[in-house]
Amino acid sequence: MTPFFTRTLVATALLSLAGGAFAQDKIKVGFMLPYTGTFAALGVAIENGFKQYVDEQGGKLGGKTIEFVKVDDESDPSKASDNANKLVKRDNVDVMVGTVHSGVAMAMAKVAKDNNTLLIVPNAGADAITGPLCAPNIFRSSFSNWQPGFAMGKVAADKKIKTAVTLSWKYAAGDESVKGFKEGFEAGGGKVVKELNLPFPGVEFQALLTEVAALKPDAVYVFFAGGGAVKFVKDWAAAGLGANIKLIGAGFLTDGTLEAQGDAAKGLLTTLHYADDLTNAKDKAFRLQYAKTYKLQPDVYAVQGYDAAQLLGAGLVAVKGDVANRDGLVKAMEAAKIDSPRGPFTLSKAHNPVQDFYLREVTGKVNKNVAIAVKGLTDPARGCKL
Ligand code: BEZ
């Protein structure tokens, strides 16, 4: 062997030794969530849920300590690409976890795709994320906007409601939730007679409520969440429309909001992949621990955060914490059977939960499970080519 080859061999061996010695012993998770604005409480609940699972595992997933950095995305799509790029390029995160708002999440998905960064979406239902934007490195622990809308449409038709007006914020989540509702409702014989909306995160509902009163539908289907949902339910009750028109919605209308809505929410029917009185052992333990740790009652957002951590954990355990083994990580996440507080779920080919949707009724301060509206509902993943 020539001295040149000997030197090269020694250098290669030293480098790989150094690589082993310096193999990362921490996994960096970047939270991109709203900590201000109408969705602030939702962002906090997601972070709480995620950290609860990590804490239950002793602060490690797959043997690696989990480290956190976070950015407030303000539910502002115009700042979303910059914020996501900060996490990827400045903070060098191993995985991004976010967010709540569909428009912000779509920008995150583009950044994740461009940089091949692992992304777990713990709320935003943008259909495109598990549709045309689907990718091996993008997962969702929550729902697609189509899912709860479709479930409520089916329930409304089954209840022999004939006509409905829809009312929502004008952005992807509102539009897609309404689309899902319309699909389920009209397939069952109902008719959506008018689609009303207002810009996100507006709460000037008065003129729209006047229009609803004039249209006299059997029901109004709405998509609102967080602070906006609190205001809407109070305005609806104050307008007294509930005597003749049934208010129904995707479950975000009454999830995490009941304390603030008080009696105004009484009796409201919604569909969602979670309810406050499920009887499975996982949910009982989850709720007890959450209340103890955070001095708050958990909601669907906390569950989705918890399950985002479970999903990442399933991947990291399989590859023994080696995030560089992306194929192994993705395969294990795809095959994961998540023992969720909502009930067990698996992922579709497009990486969206296949899950039961509950019909809930607001009773006292809880969203009470009345029935399973649709069992094992799979998002159609239109446009996803994986
Ligand atoms: C969304 O923008 O996708 C969304 C926001 C809040 C609750 C549910 C969905």
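When a ligand or atom number is given, it counts from 1 through the structure's own listing order.
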Find the distance between CD (Gln355) and OG (Ser141) and round it off to the nearest 0.5 Å. 9.5 Å
Please state which option from Leu272, Leu253, Val300, Asn123 has its nearest heavy atom closest to atom 6 (C) of ligand 1. Asn123
The atoms of ligand 1 lying under 4.0 Å from a heavy atom of Asn145, numbered in the order shown, are 3 (O)
Please state whether the rings of Phe143 and Phe252 are parallel, tilted or perpendicular, taking 30° and 60° as the class boundaries. tilted
Pull out every atom of ligand 1 sitting under 4.0 Å from any heavy atom of Val100, numbered as shown with elements. 1 (C), 2 (O), 3 (O), 4 (C), 5 (C), 6 (C)
Separation between CG of Leu215 and OG1 of Thr163, rounded to the nearest 0.5 Å: 9.5 Å
Angle class for the Tyr290/Phe286 ring planes (parallel below 30°, perpendicular above 60°, tilted otherwise)? tilted
Ala173 neighbourhood, listing ligand 1 atoms whose heavy-atom distance to it stays under 4.0 Å: 1 (C), 2 (O), 3 (O)
Give me each pair satisfying ring pair (Phe, Tyr, Trp, His ring centres under 6.0 Å) with a member in residues 361-381, each pair once, sequence neighbours excluded. none
The atoms of ligand 1 lying under 4.0 Å from a heavy atom of Ala124, numbered in the order shown, are 3 (O)
May I ask you to check if ligand 1 and Leu42 share an N or O to N or O distance below 3.5 Å? no
Which ligand 1 atoms, with their elements, are less than 4.0 angstrom from a heavy-atom of Ala225? 6 (C), 7 (C)
Ion pair check, Lys231 and Asp235, cut-off under 4.0 Å: yes
In terms of atom number and element, which parts of ligand 1 are under 4.0 angstrom from non-hydrogen atoms of His101? 2 (O)
Any idea which atoms of ligand 1 are less than 4.0 Å away from a heavy-atom of Phe143? 8 (C), 9 (C)
Do we see a donor-acceptor contact under 3.5 Å between the side chains of Lys79 and Asn83? no
Hey, what do you get for OG (Ser78) to CG (Asp76), rounding to the nearest 0.5 Å? 3.5 Å
Nearest non-hydrogen contact to atom 2 (O) of ligand 1 from the set Tyr171, Phe252, Trp169, Phe224 belongs to Tyr171
Heavy-atom pairs closer than 4.0 Å: do any link ligand 1 to the side chain of Ser102, the backbone, both, or neither? both
Contact partition for Phe223 relative to ligand 1, non-hydrogen atoms under 4.0 Å: side chain
